[in-house]
Asker: 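I have a structure here, written as structure tokens, and I will follow up with some questions on it.
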Amino acid sequence: MATRAAKAINIAVLGAGTVGSQVIRLIQERREDLQRRSGVLWNLTAVLVRDLDAERDYDVPANLLTTDIAEALVNADVVVELIGGIEPAFDYVKRALKAGACVVTGNKALLAKHGPELFALAAANQVELQYEAAVAGAVPIVRALRESLAGDRVNRVLGIVNGTTNFILDRMSTTGATYDESLQEAQALGYAEADPTADVDGLDAAAKCALMASLAFHSRVLIDDVSTEGIRAITPAQITRAREANMVVKLLAVAERRTTTSGEEGIDVRVHPALLPAGHPLASVSGAFNAIMLECEAAGELMFFGQGAGGVPTASAVLSDLVATAARHGHGQHPPLESHYEQLPVLPPQSTRVCYQVSLLVNAADAGLSEVVGEFAQHGISIQRASQKQVSIQCASQKQVPIQCASQNQVSDAQPAIPHLENAQVQSAERASVVLITNPATESDLREALDALRSSPTGVQVESVIRVEGVA
Ligand code: HSE
């Protein structure tokens with residue numbers, strides 16, 4: 001034991017699942033190192049579990065196990081909350097803070113919903129609330145944003161922060177599997193939950209995006225502020241089109257400073273699938289890995305990469321918070337304060353300007369690239385890249401049209417993907433496939449341009465629309 005260790009901290013762990021069990025195991029196995037690093041003795045005083053008799057693959061004295069939160073909190077100096085979800089975690093964390101315990105949590109959903117109340121409670125009780133494990137598992141992005149970059153100004157955060165969806169998109173891209181097949185594989189490998197909603201609908205990434213934006217911009221950003229779209233609508237056809245354009249599809253979390261046309265400074269926070277050029281640093285992030293790029297005024301570009309999920313990697317982040325908290329607690333030091341002095345407003349997503357890839361089918365005899373480009377120009381949208389190729393389509397009815405249509409909802413467009421074909425008798429036709437990438441445009445301008453093209457007498461069909469990052 002460290003010779004300078006004069007004090008001890010009592011640690012209660014709430015939840016002994018995938019991450020909690022690894023935290024407990026590592027505390028037992030590495031206690032000597034952890035004590036030396038923090039300069040205090042570590043006493044594991046309670047482990048809150050749901051079932052006292054469940055099988056466990058970690059060593060913990062039976063007398064520490066409890067199902068009673070009140071018992072778990074008795075004499076705890078630091079409470080490690082790894083239950084996840086909102087309740088009962090919210091209640092337990094509040095009780096711990098009010099009782100004067102510091103809290104270390106990996107609960108992004110809780111902080112992205114109730115962070116302001118919990119940080120205020122921690123400040124009022126002069127205790128700390130740490131959450132390195134809540135964003136990107138083992139990747140030390142919370143501490144980097146809050147402490148390493150405390151002297152800089154962060155302008156943009158761009159990340160892949162959900163391993164499950166990255167795995168699914170990667171499998172769709174590398175094996176040609178459908179979304180459903182890839183999701184099943186992710187579930188079989190334990191990446192995706194039986195109910196994959198939080199991952200595939202982008203909610204997990206949105207919570208992480210809110211936490212990163214709060215830190216980066218010294219503002220309070222909650223999950224409901226994040227404009228969020230998931231990956232359920234991504235089709236093999238879109239993956240193929242991405243490959244043809246030398247791009248990949250990724251679920252991205254984006255948080256950036258923006259000044260509006262009226263001079264107001266604010267932030268955009270969004271999670272959505274997007275194309276990335278194959279040479280982009282995030283494009284090669286494969287499988288269930290996470291990566292985050294930061295654009296900072298003084299430091300320039302920084303990139304963080306690593307395992308964003310899993311019991312052992314996430315336990316590493318929890319232990320880093322425990323070491324820091326234990327050291328400060330043991331030596332009467334103050335934690336870094338939650339900083340929200342900038343209070344930048346979250347700008348309406350309708351005013352965000354991004355690039356889009358738009359894939360259209362046009363009647364080759366009547367229309368083509370020039371009509372499409374002209375219509376976009378009418379709506380103030382310029383085109384940075386475009387291609388056109390002839391396709392021959394033989395079909396007797398809409399059902400036989402050999403086109404994968406999807407993602408109209410990626411521009412929040414509730415209209416059918418191919419309105420022209422509804423109830424239509426479609427004959428064999430020479431068609432041209434037009435694929436273009438726009439310069440940054442608002443969603444509403446894009447929607448209006450697409451509506452105008454759809455109602456054109458030349459029979460333009462919108463196959464898919466997807467955002468593009470890294471090309472503007
Ligand atoms: N389910 C998350 C992911 C890990 O797949 O990245 C926990 O946030």
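Please read these numbers as outputs of a predicted model, since none were measured by experiment. Read the numbers this way: they start at 1 and go in the same order the structure lists the ligands and their atoms. When reading the values below, keep in mind they use all heavy atoms of this one structure, side chains included, and skip hydrogens, waters and symmetry mates.
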Asker: Looking at Glu132, Gln130, Glu338, which one forms a side chain to side chain donor-acceptor pair (under 3.5 Å) with Arg146?
Answerer: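 So, applying the side chain to side chain donor-acceptor pair (under 3.5 Å) to Arg146 and each of Glu132, Gln130, Glu338, only Gln130 qualifies.
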Asker: For Asn107, run the side chain to side chain donor-acceptor pair (under 3.5 Å) check against Glu81, Lys113, His114 and tell me which one passes.
Answerer: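 Passing option: Glu81.
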Asker: Please, which pairs that meet side-chain hydrogen bond (donor to acceptor under 3.5 Å, both in side chains) have at least one residue in residues 273-292, sequence neighbours excluded?
Answerer: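 As it turns out, there is no side-chain hydrogen bond (donor to acceptor under 3.5 Å, both in side chains) pair with a partner in residues 273-292 once direct neighbours are skipped.
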Asker: Carefully, step by step, assess Gln350 and Arg447 under the rule side-chain hydrogen bond (donor to acceptor under 3.5 Å, both in side chains).
Answerer: CA-CA 11 Å; Gln350 301 85 337; Arg447 194 178 318 129; over 6 Å; no
Asker: Enumerate, one pair per line, all nitrogen or oxygen atoms of ligand 1 lying under 3.5 Å from a protein nitrogen or oxygen, stating the separation to 0.1 Å; write 'none' if no such pair exists.
Answerer:
unit_1   : atom_1 : unit_2 : atom_2 : d
ligand 1 : 1 (N)  : Asp199 : OD1    : 3.0
ligand 1 : 1 (N)  : Asp199 : OD2    : 3.4
ligand 1 : 5 (O)  : Gly163 : N      : 3.4
ligand 1 : 5 (O)  : Thr164 : N      : 2.9
ligand 1 : 5 (O)  : Thr164 : OG1    : 2.6
ligand 1 : 6 (O)  : Gly163 : N      : 2.7
ligand 1 : 8 (O)  : Lys108 : NZ     : 2.8
ligand 1 : 8 (O)  : Asp204 : OD1    : 2.8
ligand 1 : 8 (O)  : Lys208 : NZ     : 2.9

Asker: Go through the steps to decide whether Arg257 and Glu297 satisfy the test salt bridge (charged side-chain N to carboxylate O under 4.0 Å, His left out), and finish with yes or no.
Answerer: CA-CA 12 Å; Arg257 292 180 192 269; Glu297 257 178 39; 6.0 Å; no
Asker: Strictly distance-based, threshold 3.5 Å: is any side-chain N or O of Asn166 a donor or acceptor partner for the main-chain N or O of Gly287?
Answerer: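 Side chain of Asn166 to backbone of Gly287: a pair is present.
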